[in-house]
Amino acid sequence: MKRSRLPLYTTLAVLLFFYLPIAVLVINSFNGSRFEGGWGGFSWRWYERLWHERDIWHAFGNSLLVAVTATVAATAIGTLAAIAMHRYQSRLQRLHYSLIYAPLVVPEILMGMSLLLLFVALGVNLGLGTIILAHVTFCISFVTLVVLARLQDFDYSIVEASLDLGANWWVTTWRVLIPMLAPGILAGGLLAFTLSIDDFVVTFFVAGPGATTLPIQVYSMIKHGSTPLINALSTLLLVATFALVTAAQWLTGESIKT
Amino acid sequence: MGGRGTHGQTHDRHGDADRNRKSTAVRAAAQRKRVHEWLMTLPSLVWLAALFLVPTLFVFAIAFKPADLFGGIGAGWTLETWRSLGNPNYPSIIWRTVLLSVVTTLVCLLLAIPTGYCLARAKPRWRRLLLLLVVVPFWTNFLVRVFAWKHLLHPEGLIKKTLVASGLLAPDTSLLYTPEAVLLVMVYTCLPFAILPIYAAAEKFDFGLLDAAMDLGARRGRAFRSVFLPGIRRGVLTAVLMVFIPSLGSYVIADVVGGPNSEMIGNKIAQRTFNDRNLPHASALAALLTLVVLAPMLIVLFGPGRNGTATGRPTPRPDAEGPVP
């Protein structure tokens, strides 16, 4: 029997839907005209303007600092959590799993709001420090689940072999388990980095007046700034995303499924 | 876990010295294992308890506190905040939030199920490319994606011009700042979250079953409904969870492309937090949103006809170390 073509057409429509707004935005970022209506010829002028915007570069620096710190901390904590959950099957680990899973299904705005309340109640000064704390909190869960997925089809006989040959648990962990888990840990770290550098909602709540990250800068530009400049910035972010996704695919090879 | 110690003790009383020594060694090993387990579990457990669990519960407490004049939290307890939620605006905002989220979820499923099916049946080479094309928007900055639509729906934008030129739209109609615009952008941002779990489930589906159903006389639509859909049920449920819950809490979309008549609970929380600086009021709204979010989650996790969890993780095997209560 002939297969229905409907799924194929839907898929093509979905892809058009995905890429139409992005394509229009990228094309317009090279539009020499300040006004959206007409095409003022190909031009790099918005990129040149962007180059001279100090606020954007400052925000970008902040974003990198936050993302790198949060990624390192969340990857360490998350990997440890995944190994613990995989190695021990106890009531403690079931509780642990629920606690790791819960932040994933809580809307971001609730996490941002509750962290803001905590910091206000404790009298903590809002700034880059609180942003980092918040980012580690939501990154831990993602890292743990990615590493745990990697552990699920992990051949444990290798660990047993290492133990049988006289290595203790620490040596086995550091010299056998961690190196073999490296692709998973790397993938988890990459996910954490992307989530952190992209996050707006949680950051907006815990940022305080002085600390601006790139998404916060983009948001205030969307609300008040000039459109062509955002087009140019968005295009740069898109290019960076594309490079990162390609790198991730290359790093994890065929193993990453979703 | 507490039961294990007493187990060992009853054992000791009957045993001789040798067995006693062995039991001590076993117990020491078990003890060491427990210490290791706790050492590995504590960092994430403490972090998430302190910065996720406690603050989430804290929201409920703050909702019963008065606001002070400096945008902080006052002393004492009050029900005032909850009474002010009786304000006639709120029920309609909550209703709109739920309605927009339900429709977003349905539209996403309607598009994601055929797409997931198509991806799973595509030849490997095409599948890799299609998957990459679905994943890129998923990784793209959220604000950029929302802004792209603001750009497109703008009065001077492409869509408006095309529609007006083809006579489908009166020149003075606004596409931006409407609930429909919010819905459109919500679907746009959520769709990858629906496609990926459905594709993951469809990839494991045995498509031979569809042929079998049709050999046995089922028509194409019937086979799809009665064989394919139940086969990918898990993926569909995950998709529902991944779309519906973030939708309920979304506020940036309504903030950027919505107008005064498309506000959602999230917008009110942000307004109370940033514009009015009334944290107890914002907390009460956040507490309300938490309750709205919990309902679908509990239905999916513990609802009828479920085996295992919606987490995609196999149910933990029975505890090898002792009886499970």
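A note on names: the letters A, B, ... follow the listed sequences, proteins ahead of strands, and every chain is numbered from 1. Note that the structure is a prediction, hence the values are computed from the model and not measured.
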### Query
For A:L145, is it the side chain, the backbone, both, or neither that has a heavy atom closer than 4.5 Å to a heavy atom of chain B?
neither

### Query
Looking at A:L195, A:T194, A:L238, which one forms a side chain to side chain contact (heavy atoms under 4.5 Å, CB included) with B:W139?
A:T194

### Task
In sequence, state the C-alpha distance, the side-chain angles, and the governing distance for A:F18 and B:L191, and then conclude on side chain to side chain contact (heavy atoms under 4.5 Å, CB included).
CA-CA 9 Å; A:F18 274 161; B:L191 194 50; 3.9 Å; yes

### Task
Take the angle between the ring planes of A:F204 and B:F274 and call it parallel below 30°, perpendicular above 60°, tilted in between.
tilted

### Message
Less than 4.5 Å to any heavy atom of chain A: does that hold for the side chain of B:A112, its backbone, both, or neither?
### Response
neither

### Task
Heavy-atom distances under 4.5 Å only: say whether A:L191 touches chain B with side chain, backbone, both or neither.
both

### Under 4.5 Å from any heavy atom of chain B - which part of A:T241
side chain

### Task
Kindly indicate, with the supporting measurements, whether the criterion side chain to side chain contact (heavy atoms under 4.5 Å, CB included) is fulfilled by B:M40 and A:Y88.
CA-CA 10 Å; B:M40 293 174 78; A:Y88 305 100; 4.1 Å; yes

### Task
Please determine, among A:L104, A:L6, A:I77, A:L117, the option with the most heavy-atom pairs under 4.5 Å with chain B.
A:L117

### Message
Applying side chain to side chain contact (heavy atoms under 4.5 Å, CB included) to A:V218 and B:F142, what does each step give before you reach the verdict?
### Response
CA-CA 11 Å; A:V218 171; B:F142 175 73; over 6 Å; no

### Query
Any idea which of A:P103, A:A84, A:S234 has the most non-hydrogen atom pairs under 4.5 angstrom with chain B?
A:P103

### Summary
Looking only at A:L116, A:V136, A:I22, most heavy-atom pairs under 4.5 Å shared with chain B are made by A:V136

### Query
Using non-hydrogen atoms only, which part of A:V14 is less than 4.5 Å away from chain B: side chain, backbone, both, or neither?
side chain

### Query
For A:V26, is it the side chain, the backbone, both, or neither that has a heavy atom closer than 4.5 Å to a heavy atom of chain B?
neither

### Portion of A:L110 that has a non-hydrogen atom of chain B nearer than 4.5 angstrom
side chain

### Query
Which distance, rounded to the nearest 0.5 Å, do you find between the CG of B:L45 and the CG of A:L95?
6.0 Å

### Message
Can you give me the closest heavy-atom contact between B:T41 and A:H96, atom names plus distance?
### Response
CG2-ND1, 3.2 Å

### Query
With only heavy atoms counted, which part of B:L248 is less than 4.5 Å from chain A, the side chain, the backbone, both or neither?
neither

### Query
Regarding A:T137 and B:W47, is there a side-chain donor-to-acceptor distance under 3.5 Å anywhere?
yes

### Query
What part of A:F205 is in contact with chain B, defined as an atom under 4.5 angstrom from a non-hydrogen atom: side chain, backbone, both or neither?
both

### Message
Less than 4.5 Å to any heavy atom of chain A: does that hold for the side chain of B:L294, its backbone, both, or neither?
### Response
neither

### Query
For the atom pair OG (B:S44) and CD1 (A:I100), what is the distance rounded to the nearest 0.5 Å?
4.5 Å

#### Entry: Heavy-atom closest contact (A:L92 atom, B:W38 atom, distance)
CD1-CH2, 3.5 Å

### Message
Is A:L15 in contact with chain B via its backbone, its side chain, both, or neither, using a 4.5 Å heavy-atom distance?
### Response
side chain

### Message
So for A:I140, is it side chain, backbone, both, or neither that comes closer than 4.5 Å to the heavy atoms of chain B?
### Response
side chain

### Summary
When the 4.5 angstrom heavy-atom criterion is applied to A:I83 and chain B, the contacting part is both

### Summary
Cut-off 4.5 Å, heavy atoms of chain A, and the answer for B:I245 is both

### Query
Going by the angle between their ring planes, with limits at 30° and 60°, are B:W149 and A:F17 parallel, tilted or perpendicular?
tilted

### Query
Is the count of non-hydrogen atoms from other residues, nucleotides or ligands lying under 6.0 Å from A:F242 atom CZ greater than 12?
no

### Task
Can you tell which part of A:A102 gets under 4.5 Å to a heavy atom of chain B, answering side chain, backbone, both or neither?
both

### Part of B:I113 lying under 4.5 Å from any heavy atom of chain A
neither

## Note on the structure
If you tally heavy-atom pairs under 4.5 Å between each of A:T235, A:L8, A:T11, A:L115 and chain B, the highest tally belongs to A:T11

### Query
So which part of B:T140 gets closer than 4.5 Å to some heavy atom of chain A, the side chain, the backbone, both or neither?
both

### Query
How far apart are the C-alpha atoms of A:E108 and B:Y251, what are their side-chain angles, what is the distance that settles it, and do they pass the side chain to side chain contact (heavy atoms under 4.5 Å, CB included) test?
CA-CA 10 Å; A:E108 280 190 290; B:Y251 92 94; over 6 Å; no

